[in-house]
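Quick notes on the structure that follows.
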Amino acid sequence: MTEPVTGSEAARPLGHVSLVGAGPGDAELLTLKAARLLAEADVVVFDALVSSDVLALVSPRAELIDVGKRPGQSIAQDLINVLLVRLASEGRRVVRLKGGDPFVFGRGGEEAVALAAAGIACDIVPGITSAVAAPAVAGIPVTHRSLAAMFTVVTGHRQHGEKPVNWAALAQAGGTIVVLMGVAERGVIAAALMAGGMPGDTPVAAIRRATTDEQVVGRCRVDQLADLAVESPATLVIGAVAALNVCEVVASAAYAVG
Ligand code: SAH
């Protein structure tokens with residue numbers, strides 16, 4: 001017979017954290033695994049970009065903790081890491097819910113490392129990233145035969161001390177450039193791309209709150225991007241494909257594939 005467990009450590013087995021991608025907003029774009037984990041969670045720690053439709057799928061008995069990083073009231077990443085470790089150490093099933101995909105500018109990697117260092121089991125549930133979904137719902141394929149054979153996903157928001165983005169190299173590469181967190185710096189980004197040789201008439205699309213009821217799509221040329229009326233959170237798409245709307249019904253086959 002086994003001894004009865006008396007120590008508080010033993011009585012509280014280590015819990016588990018799932019780092020879950022919430023997709024771009026539309027709850028139907030969640031993975032089946034994400035939906036199941038939300039229904040089974042004891043506690044859900046979520047970011048600012050997670051939509052209310054997705055949060056509606058969380059079990060009503062689960063605790064919801066908002067750690068959204070919004071201007072002026074940001075919660076330090078270190079504190080989020082400590083929180084996740086503490087919640088899991090209490091033996092709870094923790095879902096760490098992040099907009100889009102947890103490993104695309106979501107700092108999911110840092111959280112996974114912190115959990116591993118604390119001996120907490122963690123699994124990763126990928127999500128649909130806005131980097132691909134936001135262009136898609138505007139009818140923009142990020143690759144398109146004869147127009148773009150590659151796409152680059154880049155941040156427009158440089159953290160202090162980080163290596164600067166080589167916009168000139170991206171301008172020269174010739175593929176589609178998808179900029180996340182780039183709204184505030186859009187004029188600077190456009191100027192850097194043009195300084196690197198990108199023609200001023202290169203098409204740009206800006207998709208705000210893609211896949212939600214508040215979705216807005218704006219289009220312009222890169223030399224007009226500084227003046228484009230667009231608010232965060234939006235995804236910027238720069239390159240020939242940004243002129244497309246492949247779902248638009250047209251009289252002639254305007255986008256016929258050659
Ligand atoms: N991990 C997320 C990205 C986090 S960075 C993902 O994979 O989608 C946050 C940036 O993502 C925002 O500033 C914006 O550029 C973009 N973004 C997130 N949700 C979006 C949405 N619904 N529509 C358009 N852009 C979005």
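Numbering of ligands and ligand atoms starts at 1, following listing order.
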Fill in the blank from the handout: Closest to atom 26 (C) of ligand 1 (heavy atoms only, candidates Ser130, Ala210, Gly182) is Ser130
Got the closest protein heavy atom to [atom], with its distance?
atom	result
atom 25 (N) of ligand 1	Thr235 OG1, 2.8 Å
atom 10 (C) of ligand 1	Met181 CG, 3.7 Å
atom 4 (C) of ligand 1	Phe105 O, 3.5 Å
atom 2 (C) of ligand 1	Gly99 O, 3.2 Å
atom 22 (N) of ligand 1	Pro24 O, 2.9 Å
atom 24 (C) of ligand 1	Ile207 O, 3.2 Å

Handout entry: SB check Arg221 Asp201 (cutoff 4.0 Å)
Key = no
Practice task
Run the salt-bridge test on Arg107 and Glu111 with the 4.0 Å N-O cut-off and return the result as yes or no.
Solution key: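 Salt bridge: no.
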In ligand 1, which numbered atoms sit nearer than 4.0 Å to a non-hydrogen atom of [X]?
X	answer
Asp101	1 (N), 6 (C), 7 (O)
Thr129	6 (C), 7 (O), 8 (O)
Arg209	21 (C), 22 (N), 23 (N), 24 (C)
Leu49	9 (C), 18 (C)

Problem - Derivation and outcome, side-chain contact (heavy atoms from CB on, under 4.5 Å), residues Asp53 and Asp26 - result: CA-CA 7 Å; Asp53 286 356; Asp26 180 352; 5.8 Å; no
Below the 3.5 angstrom mark, is there an N/O of [X], backbone or side chain, next to an N/O of ligand 1?
X	value
Val104	yes
Arg208	no
Pro102	no

Fill in the blank from the handout: Interatomic distance, CG@Leu147 vs CG@Leu244, rounded to 0.5 Å, equals 5.5 Å
Measure the shortest side-chain to side-chain distance between [X] and [Y] over non-hydrogen atoms and say whether it is less than 4.5 angstrom.
X	Y	answer
Val179	Ile238	yes
Glu90	Val43	no
Val45	Leu87	yes
Leu83	Ile65	yes

Practice task
Begin with the C-alpha distance, continue with both residues' side-chain angles, and end with the deciding distance and a verdict on side-chain contact (heavy atoms from CB on, under 4.5 Å) for Phe151 and Val241.
Solution key: CA-CA 10 Å; Phe151 67 100; Val241 294; over 6 Å; no
Exercise for the section: Could you tell me if any non-hydrogen atom of Ala234 lies under 4.0 Å from any atom of ligand 1? Expected result: yes
Problem - Verdict with reasoning, Asp123 to Leu19, per side-chain contact (heavy atoms from CB on, under 4.5 Å) - result: CA-CA 6 Å; Asp123 64 342; Leu19 284 179; over 6 Å; no
